[in-house]
Amino acid sequence: MNFDFGYMLRVFPLIFNYIPITLLLAVISMIFACLLGLVIALARQSNLPGVKQLAIVYISLFRAMPTLVLLFIIYYGLPQLFPSLSGLNAMVAAIIGLSLKEASFLAEIFRAGLDSVDEGQLEAGLAVGISRFKIFTHIVLPQAALNALPGTGNTFVSLIKQTSLAFTLGVTELFAEGKMIASASLKFFETYLAIGLTYWMLVIIYSWLQSYLEKWLGKPLRRA
Amino acid sequence: MSMINVHNLHKKFKDNVVLDGIDFTVDEGEVVAIIGPSGSGKSTLLRCLNLLEQPDQGEIKIGEASLGAEHYGKKEVVALRQQTAMVFQHYNLFRNKTALQNVTAALILAKNMKKSEAERLGLEFLKQVNLEDQRDQYPVTLSGGQQQRVSIARALAVNPKAILLDEPTSALDPELVDSVLRVLRNLAEKKMTMIVVTHEIEFAREVADKVVFMADGKIIEQGAPNDVLRYSKNERTRRFLQQLDKHKEVPV
């Protein structure tokens, strides 16, 4: 079999150098997506005229649009309308695109998380004179976060993998670097397998972190 | 001296009239039991007193705060809510907070008390409901009776002029009801002003200073417990109480 195991092992350290870029893309996009997702989740429940509809349209649109198409619209399309955007950094464009995309998923996950906290706790807080905002931040949000964590985690895992699309904008991250190595050595299988396994490793490490977070947030809700 | 004064209170849910001109007063230190068939507006009346429901019409005066239902601002809402605390049928404890944190939450988050001071005070209130040993337990690890007692401690902690109790024992297993009623009896002896929506007729007879019978959004009759619960001349009241009695005889 034409499989160079030793070569594959040598590829790992080369692509590991690009893990920081991949993580940077994923983590920064995730932070923006969480903030935007929370705003949209709250807007989705708003009574203000139009706000709810706007949130619904946002979720529907960005959930439906393929990430790759969205990235192309932002990076290659927008400068045509706004020439000032032609200097847009590819990395920034990728972060914007991924954030907008993931926010639409997170908005729905957060909405379900918020809904899972019963209204009674809000009423109990109001009845002893705590402000709505403080009830939200101290009582509702921690519980909603726990309920939203598995879904949010899935979204983050999918985001880590979608950062590989940034290579189409010319960002040299994990996948782009691997692609270059493979074209040079012509050892496609070894290189791409190494890349795939590297993503696997990242996701495993993240899953550990998530289960610690779940244990910590879930402490109040376990009987033991 | 009257602590709570409600005048001509009206409340509709869409076309459904729930409160149809309620007038009543509660004196300082008085325990008032509100009884009546389900859907009679008992809970809604209680929830209007701290504006968890917005009344459509009428006046509410509690302690130093008062407002007219037609127009009131945020400040008046806060002021009115500060007069009372509420105990709910399903306890509604903050599930991410320990027993002690449930009691201290309002002190820290609403009254800006220092944590150490709030905890000292909170522990006092947990002692009053015999739960100081459970201070660090989360609600999910407490029995229904314990949870309801934590919620009573949480209500006491804000030093309310009156406590509103919405069927405080209805969700409890029968053997846990007594532990909660004992705490309430204790509070009544200490002259805590309380309005209790309840189905515990015995408790009402024994502890309440006044019993209010409601049906169809109106107060049908009110008076001393025996006058209402034993010797009522009102047809509606008698029928309701007879039904409750019949219900009791059904073997469990």
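So you know, we letter chains A, B, ... as the sequences are listed, proteins then strands, and number each from 1.
Within 6.0 Å of OH in A/Y199 there are more than 12 heavy atoms belonging to other residues, nucleotides or ligands. Counted within 6.0 Å of CD on A/E119, heavy atoms from surrounding residues, nucleotides or ligands total 12 or fewer; the atom is thus considered open. Counting heavy atoms of neighbouring residues, nucleotides and ligands inside a 6.0 Å radius, atom NZ of B/K111 exceeds 12 of them. In B/R95, the CZ atom is not crowded: 12 or fewer heavy atoms of neighbouring residues, nucleotides or ligands sit closer than 6.0 Å.
One distance of note links CG of A/D118 with CG of B/N92; it measures 6.0 Å at 0.5 Å rounding. Taken to the nearest 0.5 Å, the OH atom of B/Y91 stands 14.0 Å off from the CD atom of A/Q121. Distance NZ/B/K97 to CD1/A/I139: 6.0 Å, rounded to 0.5 Å.
Annotation: maximal heavy-atom pairing with chain B below 4.5 Å, among A/I130, A/V140, A/L217, A/L146, occurs at A/I130. Of the residues considered (B/L93, B/V77, B/N96, B/V158), B/N96 shows the highest number of contacts with chain A, using heavy-atom pairs under 4.5 Å. Top candidate by heavy-atom pairs under 4.5 Å with chain A, chosen from B/Q137, B/R47, B/M86, is B/R47.
Contact annotation for residues 148-165 of chain A against chain B (heavy-atom separation below 4.5 Å): no residues qualify.
Heavy atoms of B/N112 lying under 4.5 Å from chain A belong exclusively to its side chain. Contacts of B/N50 with chain A are made by side-chain atoms alone, with heavy-atom separations under 4.5 Å and no backbone atom involved. Interface remark: B/F94 contributes backbone and side-chain atoms alike to the contact with chain A (heavy atom separation under 4.5 Å). In this structure, no portion of B/L107 lies under 4.5 Å from any heavy atom of chain A.
The two atoms that bring B/F88 and A/A124 nearest to each other are CE1-CA, 3.5 Å, heavy atoms only. When all heavy atoms of A/G129 and B/A110 are compared, the closest pair comes out as O-CB, 3.4 Å.
Between the side chain of A/E123 and the backbone N or O of B/L52, no donor-acceptor pair lies under 3.5 Å.
The side-chain heavy atoms of B/V140 and A/R222, taken from C-beta on, include no pair separated by under 4.5 Å.
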